[in-house]
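What follows is a short report on a single structure.
Every value quoted in this text rests on a predicted model; they were computed, and no experiment measured them. Position 1 is the first residue of the sequence, and the numbers go up from there.
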Amino acid sequence: MKMKMSIFSRKPRSLRSESRTPSLSGKSIIEFAKHEPAEIWLAARDINRAHQTVLELYRQFPNTEIKVLEMDLASLDSVREAAEIFLSSASRLDVLLLNARAGNSRNKTPPMTRDGYEGSFGVNHMGHALLTKLLMPMLLHTVRHNRSIGCVSDVHVVVVSSALMSHAPRRGIQFDKLKSPAPRHSRFTLRTYAQSKLANALFARRLAREYPQLTVAAVHPGIVRTHIAGVVARHARRQALSRACMGSVQDGIQNQLWAATSQDVISGEYYRHVGVKARMTKLARDDMLAEKLWQWTEVELENYITLNTRYSDY
């Protein structure tokens with residue numbers, strides 16, 4: 001299972017409010033660090049690799065405080081424990097970047113998560129949804145604090161979706177199959193991955209409506225050279241894709257960083273590379289489907305979303 005590292009960051013102090021944030025050409029952590037944020041939290045499943053990354057970053061940005069948070073999005077207990085640590089240690093949260101990806105990686109996504117969900121859906125939607133719900137008190141606390149001191153900085157939640165959601169099942173989310181392993185065939189792997197990316201877009205749309213105090217965006221990172229793109233190239237008949245025409249990971253991160261920092265973001269929208277509103281699929285615009293997913297997720301996570309913290313007054 002390949003999972004990018006999620007980032008929790010205090011608002012970078014030196015970022016300007018522009019429609020196109022300059023110099024966002026590298027990986028997300030490096031680019032946030034370049035703008036000297038007060039604090040970055042780096043969530044990772046592989047804690048040793050995360051610490052190695054932090055050591056490398058300190059050599060380049062010795063004045064930026066970067067903290068590592070161990071978390072496995074394939075385990076709701078792990079997500080809850082990580083959220084508890086963060087909430088007990090941090091004082092604010094200006095940017096929540098949800099950018100993990102579980103798909104048909106070279107290491108193979110487990111067919112089921114530890115909590116009994118289909119692998120891609122469990123990580124890409126359930127793990128992110130729980131994390132967002134648990135950190136919501138801190139996000140709203142930051143909104144209130146910013147307003148109390150006359151600060152105009154928005155609090156952003158960025159959900160990395162994908163244009164591949166167009167390959168989701170015809171009816172959208174197959175609720176009756178979310179707790180069953182996907183067939184071990186790349187065509188079905190693409191379909192289940194696409195379903196999880198559709199869930200990301202629907203969740204962001206519904207989250208924006210639920211919390212108008214926040215700036216929420218779903219983003220498409222572009223066609224990036226990852227293994228899942230190879231699956232698309234083999235099975236999307238109408239798209240002649242080749243790795244030569246795909247962007248790099250460095251290119252792909254730009255849209256996420258723009259959505260995380262720009263004051264031009266319209267909450268609830270879906271953006272393609274970079275900062276351009278994209279036309280969502282009919283399913284992604286389906287508010288009834290978004291509501292059904294939201295309520296289904298609420299029921300599934302009800303045993304996990306109560307945390308006793310000093311920010312529980314939202």
Test E298 against every option in R206, K133, K292 by the salt bridge (Lys or Arg N to Asp or Glu O under 4.0 Å) rule and name the one that passes. K133
Side chain S267, main chain L214, donor-acceptor under 3.5 Å: yes
Mind telling me whether F121 and H125 have parallel, tilted or perpendicular rings, with 30° and 60° as the class edges? tilted
Closest non-hydrogen atoms of S120 and S196, given as atom of the first, atom of the second and distance, are O-CB, 3.7 Å
Give, for atom CD1 of I66 and atom CD of E39, the distance between the pair rounded to the nearest 0.5 Å. 10.5 Å
Can you check whether D154's main-chain N or O pairs, donor with acceptor, with D94's side chain at less than 3.5 Å? no
If you round to the nearest 0.5 Å, how far is OG of S162 from OH of Y270? 6.0 Å
Using atom types as modelled and distance alone, determine if a side-chain donor or acceptor of S161 lies under 3.5 Å from a backbone N or O of K197. yes
Are L76 and Y117 side-chain neighbours, meaning at least one heavy-atom pair lies under 4.5 Å? yes
What I'd like to find out is whether the side chain of Y304 reaches to under 4.5 Å of the side chain of D115, using heavy atoms alone. yes
Distance, nearest 0.5 Å, that separates NE2 of H141 from CZ of R92: 7.5 Å
Spacing of OG1 belonging to T142 relative to CG belonging to L96, to within rounding of 0.5 Å: 11.0 Å
Under 3.5 Å: donor-acceptor pair, side chain of H167, backbone of A194: no
Only one of M138, M136, H156 passes side chain to side chain contact (heavy atoms under 4.5 Å, CB included) with L93; say which it is. M138
I would like to know whether M126 and L301 meet side chain to side chain contact (heavy atoms under 4.5 Å, CB included); could you show each step before the answer? CA-CA 8 Å; M126 297 302 294; L301 297 179; 3.7 Å; yes
Residues A50 and V68: closest non-hydrogen pair is CB-CG1, 3.8 Å
Quick one: does any side-chain atom of S262 pair with a main-chain N or O of W258 as donor and acceptor, under 3.5 Å? no
For N255 versus G275, what's the shortest heavy-atom pair and its separation? OD1-N, 2.9 Å
Identify the heavy atoms of A83 and L135 that sit nearest to each other, and give their distance. CB-CD2, 4.2 Å
Closer than 3.5 angstrom, by distance alone: can the side chain of Q213 be matched with the main-chain N or O of L140 as a donor-acceptor pair? no
Looking at A163 and H220, what are the two nearest heavy atoms and their distance? N-ND1, 3.0 Å
Heavy-atom donor-acceptor pair, N124 side chain to Y193 backbone, under 3.5 Å: no
From L293 CG over to L198 CG, what is the distance, rounded to the nearest 0.5 angstrom? 8.0 Å
Between T64 and Y58, which heavy-atom pair has the shortest distance, and what is it? O-CE2, 3.0 Å
Ion pair check, D72 and R114, cut-off under 4.0 Å: yes
Using the rule given for side chain to side chain contact (heavy atoms under 4.5 Å, CB included), can you reason through V160 versus L98, listing the C-alpha separation, both sets of side-chain angles and the distance that settles it, and then say yes or no? CA-CA 6 Å; V160 179; L98 305 171; over 6 Å; no
Is there a side-chain contact between R205 and D287, using heavy atoms and a 4.5 Å cut-off? yes
Sorted by first residue and then second, give each salt bridge (Lys or Arg N to Asp or Glu O under 4.0 Å) pair with at least one member in residues 171-180; sequence neighbours left out. K179-E300
Say you draw a straight line from CG of D286 to CG of L202; how long is it, rounded to the nearest 0.5 Å? 7.5 Å
I would like to know whether Y271 and V265 meet side chain to side chain contact (heavy atoms under 4.5 Å, CB included); could you show each step before the answer? CA-CA 9 Å; Y271 291 90; V265 178; 4.0 Å; yes
Verdict with supporting geometry, T297 and F203, side chain to side chain contact (heavy atoms under 4.5 Å, CB included): CA-CA 10 Å; T297 304; F203 179 74; 5.5 Å; no
Describe, in one word, how the ring planes of F86 and W41 are oriented to each other, choosing from parallel (under 30°), tilted (30 to 60°) and perpendicular (over 60°). perpendicular
Could you tell me if E56 and Q52 have a donor-acceptor pair between their side chains, going purely by distance under 3.5 Å? no
